[in-house]
Amino acid sequence: MRRAQATAVATLLAGAALAAAGPGPAAPQPRAYGDRPSVAALTALGRAMFDDPALSASGRVSCASCHDPVAAFGPTARTPSPFRDDDPDHDGTRAIPSLRYAQFAGRFTEHTIDDEETHGADGGPTGGLTWDGRADTAREQALMPLFDAREMANADAASLARRVAAAPYAAQFRAAFSPPGGDVFADPSQVVGWMALAFEVFEQAPEFAPFDSRYDRWLAGRATLGEAALRGLALYRDPAKGNCDTCHPSRRSTSGRAPLFTDAGFIALAAPRRTDLPPLAPSSSASQPIASLARGAQDDLGLCRSGRPGLSEDPSFCGRFRTPTLRNVALRASFFHNGSLHSLRDAVAFYATRDTDPARWYARDADGGVHRYDDLPADAVPFVDREIPFAPRPDGRPRLDERDIDDIVAFLRTLTDADMETPAAGAAGVAR
Ligand code: HEC
Ligand code: HEC
């Protein structure tokens with residue numbers, strides 16, 4: 001793990017360009033070999049900044065406010081509602097993901113052709129960070145919350161750089177990132193570029209990928225699974241029952257890599273509309289990413305509104321969100337991209353009965369009929385996934401019965417990392 005991290009970082013430091021997102025920081029200037037910041041320095045500064053609320057305009061919101069280390073870098077009951085910091089009308093529309101295992105998402109690609117997984121066929125769009133794959137790297141991603149008015153709300157690179165210059169770790173930052181004979185704080189875009197890189201490197205530290213859940217230990221022959229969990233695992237993998245494995249793979253790869261419980265693919269599952277959000281205004285700008293829109297201003301259509309060229313005109317890309325990992329999923333209190341479901345059991349039951357009992361999940365229209373897939377516009381509905389487990393059995397009954405659902409939940413509970421199996425972490429959760 002360590003070695004892989006060092007190699008990745010060396011590649012970054014070889015002068016990788018920072019894609020311009022937000023108020024365009026410059027790529028950190030390429031540096032001669034012996035003169036590059038060490039992985040240790042980047043990690044330490046990334047960690048310090050991750051925990052520092054002074055980097056936000058309000059002085060109250062840090063990355064850790066939303067991505068709390070005690071909940072696998074996801075939300076907890078203690079997570080404030082930081083979107084409401086300054087303006088009660090600016091509320092988040094997306095669930096806060098755990099950052100554990102996020103580093104493996106890969107860059108976004110529209111066509112995935114992988115001999116091992118897809119046997120040469122096009123597996124469709126995969127990868128990228130955030131629910132719609134909008135960012136290719138954690139460097140690019142880190143700039144979004146730092147400058148998002150609903151998150152950390154920095155006005156520009158200069159004001160953020162001033163906050164770093166006033167931080168307790170400023171001297172460390174200066175020593176690590178100043179060019180020979182110069183001062184990094186002389187150039188705010190360099191400050192932001194190095195910050196973004198430090199976040200990315202920190203997010204590859206060992207605590208972001210421990211791979212030590214009970215299930216991992218079971219795979220390695222060092223732990224047992226209970227009866228219900230074993231039954232759940234079989235249902236999870238059974239192509240005629242849960243069929244979960246096709247998108248959330250549970251097996252080691254042929255080369256021996258630990259399973260990530262996501263293939264990073266983009267699928268439209270038609271999660272129910274969140275009833276606590278105000279009604280929609282008509283869709284206007286197709287290219288504007290949802291993150292820059294105020295609450296309720298537009299449907300959250302996922303991939304087709306990620307701002308990537310070529311995707312916005314095609315409704316088959318709408319309503320698609322990136323498959324999340326199921327590692328540590330039992331720590332969550334809200335599920336799916338919009339956090340519309342509030343128990344793990346409901347999230348699994350949704351797969352079983354979305355199409356056999358839609359009234360359980362979706363609101364009713366004015367005429368009393370069930371409004372299936374009520375968070376999607378009509379032109380995106382034909383592209384909703386209807387494969388197993390959504391497809392009912394030939395006799396019309398759900399693929400999973402109540403006990404099957406319980407068993408799958410028991411299995412999913414074995415995916416919690418060892419250090420999160422404490423009551424404190426179990427109390428995690430917030431409804432967004
Ligand atoms: C106000 C809460 C909030 C704050 C503060 C916040 N995030 Fe996030 N983070 C989110 C949400 C919500 C998403 C999902 C965004 C989306 O899909 O558009 C996210 C997504 C991410 C992702 C992508 C994860 C994945 O699996 O795709 C990373 C990485 C990340 N945040 C890192 C950070 C860093 C670094 C900071 C501090 C600079 C930060 N976040 C601050 C709420 C927050
Ligand atoms: C066709 C691909 C596919 C299959 C099959 C599939 N999933 Fe998913 N899963 C997804 C996608 C995509 C999402 C996110 C959808 C969204 O948020 O709109 C998701 C989300 C979830 C979530 C919510 C996680 C979170 O962090 O919010 C859970 C739990 C889950 N899946 C469990 C399962 C189980 C259990 C099965 C089998 C019964 C299964 N999935 C089958 C693609 C799939």
Side-chain angles (χ1 to χ4, degrees), residues 46 49-50 52-53 55-56 61-67 73-75 79-83 85 92-105 128-135 137-138 140-146 148 150-153 195-196 198-200 202-203 232 235-237 241-248 261-271 289-291 300 302 306 319-326 328-332 334-341 344-352 375 385 387-390 399-400 404-405 408-409 411-412 432:
M49 294 190 298
F50 194 87
D52 187 0
L55 296 182
S56 66
V61 183
S62 70
C63 311
S65 310
C66 294
H67 303 286
F73 298 95
T79 304
S81 187
F83 299 107
D85 221 27
T93 52
R94 287 194 179 166
I96 301 171
S98 162
L99 300 188
R100 277 205 172 159
Y101 309 101
Q103 63 185 293
F104 303 108
L129 289 168
T130 80
W131 285 101
D132 59 25
R134 182 160 22 101
T137 61
E140 239 176 282
Q141 194 286 329
L143 303 173
M144 298 175 181
L146 285 168
D148 186 326
R150 296 166 305 171
E151 302 186 37
M152 297 167 80
M195 283 180 84
F199 282 125
E200 176 161 304
F202 167 57
E203 288 165 23
L235 291 159
Y236 182 100
R237 289 178 172 174
K241 297 270 189 147
N243 199 27
C244 319
D245 228 38
T246 53
C247 302
H248 302 281
F261 287 88
T262 174
D263 63 1
F266 287 82
I267 307 285
L269 294 192
I290 189 78
D300 188 352
S306 61
R320 293 207 200 194
F321 294 87
R322 199 197 58 197
T323 308
T325 180
L326 299 181
N328 295 305
V329 73
L331 299 176
R332 297 185 68 78
S334 295
F335 300 85
F336 297 124
H337 68 275
N338 57 1
S340 52
L341 299 185
L344 182 54
R345 195 180 190 288
D346 273 355
V348 179
F350 174 75
Y351 283 93
D375 208 26
D385 186 278
E387 307 279 307
I388 298 171
F390 295 113
R399 292 279 163 177
L400 304 167
D404 295 343
I405 293 168
I408 289 180
V409 170
F411 165 63
L412 295 176
R432 69 192 67 244

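Nothing fancy with the numbering, it's 1 onward along the sequence. Bear in mind that the values here come from a model prediction, so they are computed numbers and not experimental data. Start at 1 and go down the list; that is how both ligands and their atoms are numbered.
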- Task: Assess whether side chain to side chain contact (heavy atoms under 4.5 Å, CB included) is satisfied between Met195 and Leu55, documenting all intermediate values.
- Result: CA-CA 11 Å; Met195 283 180 84; Leu55 296 182; 3.9 Å; yes
- Query: With a 4.0 Å heavy-atom cut-off (strictly under), which part of Glu387 contacts ligand 2: side chain, backbone, both or neither?
  - Reply: neither
- Query: Can you tell me how far OG1 of Thr323 sits from CG of Leu269, rounded to the nearest 0.5 angstrom?
  - Reply: 7.0 Å
- Query: Given that the side chain starts at C-beta and the backbone is N, CA, C, O, which of these parts of Asp132 lies under 4.0 Å from ligand 1, counting heavy atoms, or is it both or neither?
  - Reply: neither
- Item | atom 28 (C) of ligand 2: nearest protein contact (heavy atom, Å) | Leu326 CD2, 3.5 Å
- Message: Quick one: does any side-chain atom of His248 pair with a main-chain N or O of Pro324 as donor and acceptor, under 3.5 Å?
- Response: yes
- With rounding to the nearest 0.5 Å, note down the distance linking OG1 in Thr246 to CG in Asp385. 8.0 Å
- Within a distance under 4.0 Å of any heavy atom of Leu129, pick out the atoms of ligand 1 and give their elements. 25 (C), 27 (O)
- Quick look: Gln141 vs ligand 1, heavy-atom contacts under 4.0 Å, and the answer is side chain
- Note: ligand 1 atoms sitting under 4.0 Å from heavy atoms of Pro145 are 6 (C), 36 (C), 39 (C), 40 (N), 41 (C)
- Return yes when Arg134 approaches ligand 1 closer than 4.0 angstrom through a heavy atom, no otherwise. yes
- Task: Would you mind running through ligand 2 and noting each atom that sits below 4.0 Å from a heavy atom of Leu344?
- Result: 29 (C)
- Message: Could you check whether any side-chain N or O of Arg332 sits under 3.5 Å from a backbone N or O of Ile96, counting only pairs where one atom can act as donor and the other as acceptor?
- Response: yes
- Query: For ligand 1, which part of Ala135 has a heavy atom less than 4.0 Å away: the side chain, the backbone, both, or neither?
  - Reply: neither
- Taking only non-hydrogen atoms of Phe335 and a 4.0 Å limit, the atoms of ligand 2 in range are 27 (O)
- Note: ligand 1 atoms sitting under 4.0 Å from heavy atoms of Met152 are 37 (C), 38 (C)
- Query: Between the main-chain N or O of Ala95 and the side-chain N or O of Trp131, is there a donor-acceptor pair closer than 3.5 Å?
  - Reply: yes
- Say whether, by atom type as modelled, one donor and one acceptor occur between the side chain of Thr325 and the main chain of Thr262 under 3.5 angstrom. no
- Protein contact to atom 22 (C) of ligand 2 [nearest heavy atom, distance to 0.1 Å]: Phe336 CE2, 3.7 Å
- Going by the atom numbers of ligand 1, which of them fall below 4.0 Å from some non-hydrogen atom of Arg94? 12 (C), 16 (C), 17 (O), 18 (O)
- So is Pro97 in contact with ligand 1, going by heavy-atom distances below 4.0 Å? yes
- Note on the structure: For Tyr236 and Phe261 the tightest heavy-atom approach is OH-CD2, 3.3 Å
- Message: Using a 3.5 Å cut-off on N or O atoms only, is Ser62 in polar contact with ligand 1?
- Response: no
- Note on the structure: Heavy-atom nearest pair, Leu146 first then Phe199, reads CD1-CE1, 4.0 Å
- Are any of the side-chain heavy atoms of Phe411 and Leu235 separated by less than 4.5 Å? no
- Message: Under 4.0 Å from a heavy atom of Ile408: which atoms of ligand 2 are those, numbered in the order shown and with their elements?
- Response: 35 (C)
- Using a heavy-atom cut-off of under 4.0 Å, does the side chain or the backbone of Met49 touch ligand 1, or both, or neither? neither
- Item | Derivation and outcome, side chain to side chain contact (heavy atoms under 4.5 Å, CB included), residues Arg134 and Gln141 | CA-CA 8 Å; Arg134 182 160 22 101; Gln141 194 286 329; over 6 Å; no
- Message: Which option wins on minimum heavy-atom distance to atom 34 (C) of ligand 2: Pro389, Ala268, Cys244, Pro324?
- Response: Cys244
- Item | Minimum heavy-atom distance Ala271-Asn338, with the two atoms named | CB-OD1, 4.0 Å
- Task: Could you tell me whether some N/O pair between Ser98 and ligand 1 is separated by less than 3.5 angstrom?
- Result: no
- Task: Considering the heavy atoms of Glu203, write down every atom of ligand 1 situated less than 4.0 Å from one of them.
- Result: 29 (C), 32 (C), 35 (C)
- Query: Which atom names give the shortest non-hydrogen contact between Leu143 and Ala196, and what distance separates them?
  - Reply: CD2-CB, 4.2 Å
- Query: Out of Thr325, Leu99, Ile96, whose heavy atom is nearest to atom 24 (C) of ligand 1?
  - Reply: Leu99
- Query: So, does Glu140 use its side chain to make a donor-acceptor pair with the main chain of Ala135 at under 3.5 Å?
  - Reply: no
- Message: So is Ala95 touching ligand 1 or not, going by heavy atoms under 4.0 Å?
- Response: yes
- Query: At the 4.0 Å heavy-atom cut-off, does Phe266 count as touching ligand 2?
  - Reply: no
- Task: Under the side chain to side chain contact (heavy atoms under 4.5 Å, CB included) rule, what do Ile267 and Arg322 come out as? Steps first, then yes or no, please.
- Result: CA-CA 7 Å; Ile267 307 285; Arg322 199 197 58 197; over 6 Å; no
- Message: Measuring from atom 5 (C) of ligand 1, which candidate in Val61, Asp52, Asp148, Leu55 has the nearest non-hydrogen atom?
- Response: Val61
- Item | Charged N-O contact under 4.0 Å between Asp132 and Arg320 | no
- Hey, looking at atom 27 (O) of ligand 1, which of Leu146, Leu143, Thr130, Thr137 has the closest heavy atom? Thr130
- Item | Heavy atom of the protein closest to atom 3 (C) of ligand 2 (residue, atom name, distance) | Cys247 SG, 2.7 Å
- What about the rings of Phe321 and His337, do their centers lie closer together than 6.0 Å? yes
- Among Arg237, Arg320, His337, Arg322, the residue with a heavy atom nearest to atom 17 (O) of ligand 2 is His337
- Query: When you measure from atom 40 (N) of ligand 1 to each heavy atom in Arg100, Met144, His67, which option holds the nearest one?
  - Reply: His67
- Task: Kindly identify the option in Asn243, Thr323, Ile405 whose heavy atom sits closest to atom 12 (C) of ligand 2.
- Result: Thr323
- Sub-4.0 Å atoms of ligand 2 with respect to non-hydrogen atoms of Thr246: 5 (C)
- Message: Return the closest protein heavy atom for atom 21 (C) of ligand 2 as residue, atom name and distance.
- Response: Tyr351 OH, 3.3 Å
- Task: Give the minimum heavy-atom separation between Thr130 and Arg94, together with the two atoms involved.
- Result: OG1-NH1, 4.5 Å
- Query: Relative to the heavy atoms of Ala102, which atoms of ligand 1 are at a distance of less than 4.0 Å?
  - Reply: 26 (O)
- When the aromatic ring centroids of Phe350 and Phe336 are compared, is their separation below 6.0 Å? yes
- Message: Checking a contact table here: which protein heavy atom is nearest atom 11 (C) of ligand 2, and how many Å away?
- Response: Leu269 CD1, 3.6 Å
- Step by step, would you call Asn243 with Tyr351 a side chain to side chain contact (heavy atoms under 4.5 Å, CB included)? CA-CA 10 Å; Asn243 199 27; Tyr351 283 93; over 6 Å; no
- Short check: any N/O/S atom of His248 below 2.8 Å from atom 8 (Fe) of ligand 2? yes
- Task: Return yes when at least one N/O/S atom of Cys66 is nearer than 2.8 Å to atom 8 (Fe) of ligand 1, and no when none is.
- Result: no
